[in-house]
Q: 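A single structure is presented below for examination.
Whatever order the structure lists them in is the order used to number ligands and atoms, beginning at 1. For the single chain, residues carry numbers from 1 onward in sequence order.
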Amino acid sequence: MKTLILAGGGHAHVEVLRRFGLSRPSGVRILLVSPDSHTPYSGMLPGLLAGHYTRDDCHIDLRPLCDRAGAAFAVTRVEGIDLPGRRVRCADGQSHEFDALSLDVGSTPDLRSVPGAAEHTVPVKPVAGLLEAWRDMEARCERRPAGPLRLAVVGGGAGGAEVALAMRRRCRREDPQQEPAIAIVTNGLLSGHSARARVLVARALARRRITLMDQRLVVRLTAGEIQCASGERVPADLIVWATGAAAVPWVRQCGLACDDRGFAAVNDGLQSPSHPFVFAAGDVATMLTRPLPKAGVFAVRQGPVLAGNLRSYLAGEPLRPFRPQPRYLSLMSTADGHAIASWAGLAWEGRWVWAWKDRIDRRFMRKYRTGRIPP
Ligand SMILES: Cc1cc2nc3c(=O)[nH]c(=O)nc-3n(C[C@H](O)[C@H](O)[C@H](O)COP(=O)(O)OP(=O)(O)OC[C@H]3O[C@@H](n4cnc5c(N)ncnc54)[C@H](O)[C@@H]3O)c2cc1C
């Protein structure tokens, strides 16, 4: 009997588990290690913050997926890998031996790059932490003399813009009279997207009275204040940190081949070139032949190939390459029944885009409730 450990219940691993549930690999014991029994689906997180979705709507329960796949589930965090001994070390003090290991532990916003970020901001992920910080802030603000809530998001990627729009929506739902002061501070709105998408997002922000401070470099955070290289200071009751992704440190520390940012390097088969018994997918991985943006859509697409390759590796069969699509669709909610689509230099906005996004997201979630292979 061989042992396969799946570290992390991310977007690729839920597909691996679903496929193993439909056809279990023979002679393989599977263990999933993940700190939460429910894993969030990123596409719906801004909708959760805005109040469009409940927590259940946008979280996948990993336990039934494990049950169907015949996998054991250790609800804890991986803290290190002993590569020569082929063991993972976990936060609960346990260590587990493996024949093959697959990493899909995601990434977190990079809190180390700016002094004060770790102490004075709330990272956009995990979203449970953001919602908790939101409740704390509301309690603090109730004790403050009247005045609008001051909210700021550092980072103007698609996620940062969606979160700013969702926060405004949430404030207005809770108190329709309230017009919060919201700012996005970024050194590049929607970099990697087309000029047309940037224009649509900037317009959407302006229409909802969200101040866009573009081309600003944030150099320091103090309690309740953002300081920019330009000398500008932005006061805020809550600062959300939504900058580029950073890797968990133990991936590099264990001796696995990594890119220069500490993400696990993988070949086209999603396999480590330094340790072929280790696989990685999603944000934690960087494909050597074609580095991809850190977006959930790629983790989702890698899932089926990863499932097949883990099965093949354990059976001593050849691996299949993952071929990423050259362009990908990005759908951003403006949190008011509209959304913006960005694809291949083109962009559209409308109520129909939101309906489209909502349909795609709900269909994705249904797949992990029923375990069906979609057509
Ligand atoms: C607000 C927001 C909106 C976004 N919207 C989109 C979108 O619409 N489309 C899109 O393509 N991308 C979107 N993204 C990006 C997307 O969230 C990530 O690219 C995606 O989640 C990466 O998937 P993953 O499978 O690599 O990891 P994740 O989905 O982050 O999953 C990682 C899993 O590993 C677990 N884990 C973490 N650490 C450990 C550990 N040490 N040991 C064991 N388990 C661990 C976590 O609990 C989690 O279950 C958005 C991001 C944000 C912040």
Side-chain angles (χ1 to χ4, degrees), residues 5-17 31-50 58-62 65 73-81 88-92 96 101-109 122-131 153 155 157-167 192 240-251 254 263-264 270 280-286 292-303 306 325 328-333 335 339-342 357-358 360-361 364:
I5 294 189
L6 303 175
H11 294 61
H13 277 176
V14 291
E15 181 62 14
V16 170
L17 285 168
L31 172 67
L32 171 72
V33 182
S34 198
D36 304 298
S37 59
H38 290 73
T39 199
Y41 169 50
S42 54
M44 292 169 96
L45 292 184
L48 172 64
L49 185 58
C58 50
H59 282 78
I60 298 167
D61 189 349
L62 296 168
L65 282 174
F73 185 8
V75 185
T76 182
R77 188 173 286 280
V78 173
E79 285 194 333
I81 313 169
V88 293
R89 275 182 285 103
C90 297
D92 62 359
H96 303 277
L101 169 68
S102 178
L103 304 176
D104 182 19
V105 294
S107 61
T108 49
V122 180
V124 68
K125 274 184 25 177
V127 80
L130 178 57
L131 291 171
V153 177
E162 277 191 290
V163 163
L165 288 156
M167 290 199 305
V240 178
W241 197 250
T243 62
V248 278
W250 51 259
V251 172
C254 72
F263 292 104
L270 306 175
D283 280 10
V284 72
T286 293
L292 301 167
K294 302 294 178 196
V297 60
F298 292 110
V300 168
R301 297 271 172 127
Q302 286 170 338
L306 181 64
Q325 75 260 45
Y328 72 102
L329 174 69
S330 184
L331 296 167
M332 293 160 265
S333 161
I340 295 167
S342 164
K357 173 173 168 51
D358 183 55
I360 292 175
D361 288 341
F364 177 86

Q: May I ask you to check whether G296 has an N/O atom sitting below 3.5 Å from an N/O atom of ligand 1?
A: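 Right, the criterion is met.
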
Q: Just distances here: any N/O of S107 and N/O of ligand 1 closer than 3.5 Å?
A: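 For ligand 1, there is no N or O atom that lies under 3.5 Å from one belonging to S107.
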
Q: Nearest protein heavy-atom contact for atom 45 (C) of ligand 1: which residue, which atom, what distance?
A: P35 CD, 3.5 Å

Q: Working to the nearest 0.5 angstrom, can you tell me the gap between L292 CG and Q325 CD?
A: 8.5 Å

Q: Could you pull out, from C90, S34, A12, the option with a heavy atom nearest to atom 35 (C) of ligand 1?
A: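 Looking at heavy atoms only, the winner is S34.
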
Q: Report the distance from atom CG of L6 to atom CG of L31, rounding to the nearest 0.5 Å.
A: 8.0 Å

Q: Hey, looking at atom 37 (C) of ligand 1, which of V105, V14, D36 has the closest heavy atom?
A: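 The residue whose heavy atom sits nearest atom 37 (C) of ligand 1 is V105.
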
Q: Looking at V300, is its backbone amide N or carbonyl O close enough to the side chain of E15 to form a donor-acceptor pair, meaning the two atoms are under 3.5 Å apart?
A: no

Q: In terms of atom number and element, which parts of ligand 1 are under 4.0 angstrom from non-hydrogen atoms of T39?
A: 48 (C), 49 (O)

Q: Provide the closest heavy-atom pair for G106 versus D283 in the form atom of the first, atom of the second, distance.
A: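 For G106 versus D283, the nearest heavy atoms are C-CB, 3.8 Å.
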
Q: Distance to 0.1 Å, residue and atom name: give those for the protein heavy atom nearest to atom 2 (C) of ligand 1.
A: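 Looking only at protein heavy atoms, the one closest to atom 2 (C) of ligand 1 is G159 CA, 3.9 Å.
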
Q: Could you establish whether V248 and ligand 1 come within less than 4.0 Å of each other, counting only heavy atoms on the residue side?
A: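 Heavy atoms of V248 never come under 4.0 Å of ligand 1.
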
Q: Given side chains that start at C-beta, do those of L103 and I81 come closer than 4.5 Å, heavy atoms only?
A: yes

Q: Among all protein heavy atoms, pick out the one at the shortest distance from atom 18 (C) of ligand 1; state its residue, atom name and that distance to 0.1 Å.
A: D283 OD2, 3.4 Å

Q: Kindly identify the option in L329, V78, L32, V300 whose heavy atom sits closest to atom 41 (N) of ligand 1.
A: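 Checking each option, the heavy atom nearest atom 41 (N) of ligand 1 is found in V78.
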
Q: Work out which heavy atom in L130 is nearest to a heavy atom in P123; give both atom names and the distance.
A: CB-O, 4.2 Å

Q: Can you tell which part of S42 has a heavy atom less than 4.0 Å from ligand 1: side chain, backbone, both or neither?
A: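 It is both backbone and side chain that touch ligand 1.
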
Q: Hey, are the side chains of I60 and F364 touching, using non-hydrogen atoms and a 4.5 Å cut-off?
A: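 Side-chain contact under 4.5 Å: yes.
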
Q: Which atoms form the tightest heavy-atom contact between A281 and A12, and what is the distance?
A: CB-CB, 3.8 Å

Q: Give me the nearest non-hydrogen protein atom to atom 8 (O) of ligand 1 as residue plus atom name, then the distance to 0.1 Å.
A: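 Sorting protein heavy atoms by distance from atom 8 (O) of ligand 1 puts G43 CA, 3.6 Å first.
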
Q: Just to verify, what does K125 make a salt bridge (charged side-chain N to carboxylate O under 4.0 Å, His left out) with, not counting sequence neighbours?
A: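 Checked K125 against salt bridge (charged side-chain N to carboxylate O under 4.0 Å, His left out); zero matches.
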
Q: In the structure I gave you, are the side-chain heavy atoms of L306 and H13 within less than 4.5 Å of one another anywhere?
A: yes

Q: Can you find an N/O atom of V124 closer than 3.5 Å to an N/O atom of ligand 1?
A: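 In fact, backbone or side chain, V124 has no N or O that close.
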
Q: Do C90 and V33 come close enough that some side-chain heavy atom pair is under 4.5 Å?
A: yes

Q: Does at least one non-hydrogen atom of Y328 fall below 4.0 angstrom from an atom of ligand 1?
A: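 Heavy atoms of Y328 never come under 4.0 Å of ligand 1.
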
Q: I need the atoms of ligand 1 closer than 4.0 Å to a non-hydrogen atom of A299, numbered in the order shown.
A: 23 (O), 25 (O)

Q: Is there at least one pair of N or O atoms, one from D104 and one from ligand 1, spaced under 3.5 Å apart?
A: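 Between D104 and ligand 1, an N or O pair is found under 3.5 Å apart.
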
Q: Give the atom numbers and elements of ligand 1 that come within less than 4.0 Å of a heavy atom of V163.
A: 1 (C)

Q: Taking the side chain as every heavy atom from C-beta outward, state whether F263 and K294 have any atom pair closer than 4.5 Å.
A: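 Touching, per the 4.5 Å side-chain cut-off.
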
Q: Could you tell me which residues satisfy salt bridge (charged side-chain N to carboxylate O under 4.0 Å, His left out) with D61, sequence neighbours excluded, listed by chain and number?
A: R63

Q: Short list, please: which atoms of ligand 1 are under 4.0 Å from a heavy atom of G282?
A: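 So the atoms of ligand 1 that pass are 26 (O).
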
Q: With a 4.0 Å heavy-atom cut-off (strictly under), which part of L45 contacts ligand 1: side chain, backbone, both or neither?
A: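 The answer is neither.
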
Q: Specify the protein heavy atom at minimum distance from atom 31 (O) of ligand 1: its residue, its atom name, and the distance to 0.1 Å.
A: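 Answer for atom 31 (O) of ligand 1: G10 CA, 3.2 Å.
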
Q: Looking only at protein heavy atoms, identify the closest one to atom 23 (O) of ligand 1 and say how far it is in Å.
A: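 Heavy-atom neighbour on the protein nearest atom 23 (O) of ligand 1: H11 ND1, 3.2 Å.
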
Q: Taking side chain as C-beta onward, heavy atoms only, is V163 less than 4.5 Å from L49?
A: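 Side chain of V163 against side chain of L49, heavy atoms only: contact under 4.5 Å found.
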
Q: Keeping S107 on the side-chain end and A245 on the backbone end, is there a donor-acceptor pair under 3.5 Å?
A: no

Q: With heavy-atom distances below 4.0 Å as the criterion, list the atoms of ligand 1 near R77.
A: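 Answer for ligand 1: 38 (N), 39 (C), 40 (C), 41 (N), 42 (N).
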
Q: Go through ligand 1 atom by atom and flag the ones less than 4.0 Å from a non-hydrogen atom of V33.
A: 43 (C), 44 (N)

Q: Quick check: K125 and ligand 1, any N/O pair under 3.5 Å apart?
A: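 Such a contact does occur with ligand 1.
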
Q: Measure the distance from atom 27 (O) of ligand 1 to every protein heavy atom, then report the residue, atom name and distance (to 0.1 Å) of the closest one.
A: G106 CA, 3.2 Å

Q: Are any side-chain N or O atoms of E162 and backbone N or O atoms of S333, one a donor and one an acceptor, separated by less than 3.5 Å?
A: yes

Q: Do protein heavy atoms approach atom 5 (N) of ligand 1 to less than 4.0 Å?
A: yes

Q: As an exercise, identify every atom of ligand 1 less than 4.0 angstrom from a heavy atom of K294.
A: 19 (O)

Q: Pull out every atom of ligand 1 sitting under 4.0 Å from any heavy atom of V297, numbered as shown with elements.
A: 10 (C), 11 (O)

